[in-house]
Amino acid sequence: MPELPEVETVRRGVDAAFRGGRISAVEVYNPRTVRRHATGVADFQRSLAGLEVTGSGRRGKFMWLGLDDGRALVCHLGMSGQLHVVTDGREAHKHLRGRMRFSDDRELWFIDQRTFGYWDLVDMDGAVPATVAHIAPDVFETAFDPGLSADRLLRRRIEVKKALLDQTWISGVGNIYADEALWRSRLRGRRTGDSLTRRKALELLGHVGDVLTESLAVGGTSFDELYVDARGEAGYFARELAVYGRAGQPCKRCATPIVREVIGDRSAHYCPKCQR
DNA sequence: AATACGACCTGCTGGC
DNA sequence: TGCCAGCAGGTCGTAT
Ligand SMILES: [Zn+2]
């Protein structure tokens, strides 16, 4: 569920709450939460206790908290993950997977219905954690090079929709914003990368940046309680969506009913008239 | 190298 | 009421 705007919204909330904070104890309630940590749950919990959160970072949908031992706590939200700043004594959530207590007794809760999200403690590899090094820069990073990215897309034989979901090409785009960027570009997701002009590829990348920026400005997209920010607040971009989840409803440009199809085992939504 | 596909989960909805 | 298929904001490992 959470794509770049949602993850960035969460990161900002967590950073504001815990930058400079010291971790006193960590509890993991579902071992899957720490499945990527090779040395296991006990080592994970023990290693974090006593460390200070020095800051935070994000690349695409991967976010992390920087720690004063030089490592990072990588947090991926998967399809349904949330991080909540808890300052009261609220009752445990049904999908509470992990809990981190700070020295001032505030807590960071990881709630995740489907358990595709995870926590991991990893060494840094330059600017990003080692386990994030294979992910391409997102469109907001200074390392992002639109010309280079466009050129790479033009050499791809896969559908553009699939390329947009490939986090090793550009990161941060998921199923919602892929469909929205394609609609804004008047491109069908079925088109292959090598069928685009360079100009069109650059236009697509521009729309990716625009839609992510606009969504972030209103806290991201929330359809239900599965996505809320670190304070439990919903985002408001759902009302701005042109195609995602709008099958059968009129295109906002030409009133033709939006069509749902399947590309690469994911739903895809488009206007059959004004997307080619 | 690039591409394709199943696996990993829980829960909700709609049809019979 | 029960049961089952289908669907959901993602990524990774393995096989071609
Ligand atoms: Zn249209």
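The model shown is predicted, which means the values in this text are computed figures rather than measured ones. Below, read A as the first sequence line, B as the second, and so on, with proteins coming before strands; counting in each chain starts at 1. Values reported hereafter were calculated over all heavy atoms of this structure, with side chains retained and with hydrogens, waters and symmetry mates removed.
Between A:H134 and the phosphate of C:dC12, there is a side-chain N or O to OP1/OP2 separation shorter than 4.0 Å. Of the side-chain N and O atoms in A:Q167, none sit less than 4.0 angstrom from OP1 or OP2 of C:dG10.
In this structure, A:N175 atom CG and C:dA8 atom C1' are separated by 10 Å, rounded to whole Å. Rounded to an integer number of Å, the gap from CG of A:L4 to P of C:dT11 is 11 Å. Rounded to whole Å, the distance from CZ on A:R32 to C1' on C:dC12 is 12 Å. As rounded to whole Å, 12 Å separates atom P of C:dC7 from atom OH of A:Y244. We find that CZ of A:F223 is positioned 16 Å from P of C:dC7, with the value rounded to whole Å. The CH2-C1' distance, from A:W119 to C:dT11, rounds to 20 Å in whole Å. Atom CZ of A:R114 is separated from atom P of C:dA8 by 10 Å (rounded to the nearest Å). To the nearest angstrom, C1' of C:dG10 lies 16 Å from CE of A:M63.
In terms of position on DNA chain C, the residue among A:R36 and A:S222 whose nearest nucleotide sits closer to the 5' end is A:S222. Place A:R157 and A:F116 on DNA chain B by their nearest nucleotides, and A:R157 ends up nearer the 5' end. Of the two residues contacting DNA chain B, namely A:D166 and A:K94, the nearest-nucleotide position lying further toward the 5' end is that of A:D166.
Within 4.0 Å (heavy atoms only), A:R35 reaches no atom of the nucleic acid at all. Using a 4.0 Å heavy-atom criterion, one finds that A:R260 contacts the sugar-phosphate atoms exclusively. Using a 4.0 Å heavy-atom distance criterion, A:Y177 is classed as making no nucleic acid contact. Counting non-hydrogen atoms under 4.0 angstrom, A:D224 reaches a base of the nucleic acid.
Under the Watson-Crick or G-U wobble criterion, with both distances below 3.5 Å, B:dC9 is left unpaired in every strand shown.
Minimum atom distance to the side chain of A:Y118 is reached by C:dC12, of the listed C:dG10, C:dA8, C:dC12.
Under a cutoff of 6.0 Å and an axis angle of 45°, A:R59 and A:W64 do not form a cation-pi pair.
Contacts between chain A and DNA chain B, taken as any atom within less than 4.0 angstrom of a protein heavy atom, begin and end at B:dT3 to B:dG11.
Atom-to-atom distance recorded for A:C75:SG and A:Y118:OH is 9.5 Å, nearest 0.5 angstrom.
Salt bridge absent: A:R35 and A:D120 never bring a charged side-chain N and a carboxylate O closer than 4.0 Å.
Listed here is the closest heavy atom pair of A:K162 and A:I263: CG-CG2, 4.1 Å. Scanning both residues, A:A201 and A:L154, for their nearest heavy atoms gives CB-CD2, 4.2 Å.
When atom types are taken as modelled, the side chain of A:R191 and the backbone of A:S195 share a donor-acceptor pair closer than 3.5 angstrom. Judged by distance alone, with hydrogens and angles left aside, the side-chain atoms of A:R253 form no donor-acceptor pair with the main-chain N or O of A:A255 at under 3.5 Å.
In this pair, A:F102 and A:F18 present their aromatic rings parallel. The plane angle is below 30°, not in the 30 to 60° band.
A gap of 16 Å separates the P atoms of C:dT14 and B:dC9, to the nearest Å.
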